[in-house]
Protein chains: 2
Amino acid sequence: MTPSRKPARRKPAPSRSAAEQEALRATAFRTSRRHNAAETEEDYVELIDDLIRERGEARSVDMAQRLGVSHVTVAKTIRRLRDKELIQYEPYRAIFLTPKGKSLAERCRGRHQQVVDFLTALGVSTRAAEVDAEGIEHHVSAETLDAMRRFTRERRKGS
Amino acid sequence: MTPSRKPARRKPAPSRSAAEQEALRATAFRTSRRHNAAETEEDYVELIDDLIRERGEARSVDMAQRLGVSHVTVAKTIRRLRDKELIQYEPYRAIFLTPKGKSLAERCRGRHQQVVDFLTALGVSTRAAEVDAEGIEHHVSAETLDAMRRFTRERRKGS
DNA sequence: CATAAAGTTTAGCCGAGGTTACATTATCAT
DNA sequence: ATGATAATGTAACCTCGGCTAAACTTTATG
Ligand SMILES: [Mn+2]
Ligand SMILES: [Mn+2]
Ligand SMILES: [Mn+2]
Ligand SMILES: [Mn+2]
């Protein structure tokens, strides 16, 4: 079971097209990591917008509940979002979106709904669509979102 | 522009069905976070498997290149994966998958390909499909993956 | 065979995002 | 009015996944 001793130097460089292929791979991984990094702020502003619509205001205790996270995590995160000028709040008070935050929230809300609608049109149950969309939404390019929209529209018409 | 002073206490609890809705939301967020946490190890074992197929062995320098990350990041991560018994290696030597790691890698490879094929069948370009799939693959439930597979098969047949 | 180059490891730093325990403040009820 | 309770904040800790700099090992080469 001991791994056989292999040379430390790498094999000779791959062909030209293979090198391009490598670069594309790296781009894919990098892009995915960038999307993951944006996930928190996207979900937070979307949630704040939801809460304001549903209950008139966004309180951190409700955010913690919906996110399934402790209130301390919410406290630390909203401080970062305030530094980024996406939200605004004062101690012991409700949370508000800045214009910048509101605009991001609306883009995220729309995209979220589009992904959910697409998965549903594809035949996925409501529950699974809602759960999967929460992750998928952060990784759909404009091109993919467009293709999803077309499919949803056609499927709706065709039924 | 100062936010109006609002009461600190939250609004009265929502109705029964609304509470269930809250729980589902929390589940969606939690699931998405769990999938994000699994992303690194899934991508690493898949990549190691790819490299072994393509070049006969997996070296950390090649992994760093493909992942678009420093070789030190790879070193730290593979130590974790070894602790989890997904991979095996000795100092200055190539990296091997344990049976557990190999099995995970094969599941991930298959899922990755299915997502790429699905996006392509949907009309997304090869480049965008490859990039988006790298993130989406970690968030597709069995149910969604199944729906994707059905769609891909039908579209292939129908063309 | 000596040494340069390539690859790997180690040490130490950082920010994000999670936690528990405890302190503080604002609202509600008596 | 005041005291209990709910909400918010703060301190201290953790892991993960990035990084740079520097040391070390292995392989290749003159
Ligand atoms: Mn989300
Ligand atoms: Mn969302
Ligand atoms: Mn991936
Ligand atoms: Mn993949």
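Each chain gets a letter, A, B and so on, in the order the sequences are listed, and its residues count up from 1. Atom set for the values below is all heavy atoms of this structure, side chains included, hydrogens, waters and symmetry mates excluded.
If you check D/dC19, D/dT8, C/dT19 against the side chain of A/Arg59, the one that comes closest is D/dT8. Checking D/dG18, D/dT10, D/dA7 against the side-chain heavy atoms of A/Ala75 singles out D/dT10 as nearest. Taking every side-chain heavy atom of B/Pro91 into account, C/dT9 is the closest of D/dT27, C/dA21, C/dT9. Residue B/Tyr89 places its side chain closer to C/dT9 than to any other of D/dC19, C/dT9, D/dA11.
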Checklist entry - Going through the checks in order, is the salt bridge (charged side-chain N to carboxylate O under 4.0 Å, His left out) test met by A/Glu22 and B/Arg66? => result CA-CA 6 Å; A/Glu22 295 234 342; B/Arg66 288 235 183 144; 3.2 Å; yes

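If you take CG of A/Asp43 and C1' of C/dG18, they are 15 Å apart, rounded to a whole angstrom. Note: CZ (A/Arg79) to P (C/dG18) measures 15 Å, nearest angstrom. Look at CD on B/Glu57: it is 14 Å from C1' on C/dA6, rounded to the nearest Å. Remark: P of D/dG18 and CG of B/Leu67 are 8 Å apart, rounded to the nearest angstrom. As a whole-Å value, the separation of B/Lys84 NZ from D/dT15 P is 13 Å. Rounded to whole Å, atom P of C/dT10 lies 10 Å from atom CD1 of B/Ile78. Per the geometry, NZ belonging to B/Lys76 stands 14 Å off C1' belonging to D/dA21, to the nearest Å. For the pair B/Arg82 CZ and D/dC16 P, the interatomic distance rounds to 15 Å; values are reported in whole Å.
By the side-chain contact (heavy atoms from CB on, under 4.5 Å) test, A/Ala128 pairs with A/Val124, A/Ser125, B/Ser141, B/Glu143, sequence neighbours left out. Legend: residues meeting salt bridge (Lys or Arg N to Asp or Glu O under 4.0 Å) with A/Glu41, ordered by chain and number and at least two apart, are A/Lys84.
For A/His71 against D/dG9, a side-chain N or O and a base N or O form a donor-acceptor pair under 3.5 Å. With hydrogens and angles ignored, a donor-acceptor pair under 3.5 angstrom links the side chain of A/Tyr92 to the base of C/dT24.
Applying the 4.0 Å criterion to OP1 and OP2 of C/dT27, one finds that A/Arg93 has a side-chain N or O inside that range.
Residue A/Thr40 is classed as a sugar-phosphate contact, given heavy-atom separations below 4.0 Å to backbone atoms only. Using a 4.0 Å heavy-atom criterion, one finds that A/Val69 contacts the sugar-phosphate atoms exclusively. In this structure, B/Ser70 reaches the bases: a heavy-atom distance under 4.0 Å links it to at least one base atom across the strands shown.
For B/His138 (side chain) and B/Asn36 (main-chain N/O), no donor-acceptor pair under 3.5 Å exists by modelled atom type.
Between A/Arg33 and A/Ser60, the one whose closest nucleotide on DNA chain D sits nearer the 5' end is A/Ser60.
No salt bridge links A/Asp117 with A/Arg149; every basic N to acidic carboxylate O contact stays at or beyond 4.0 Å.
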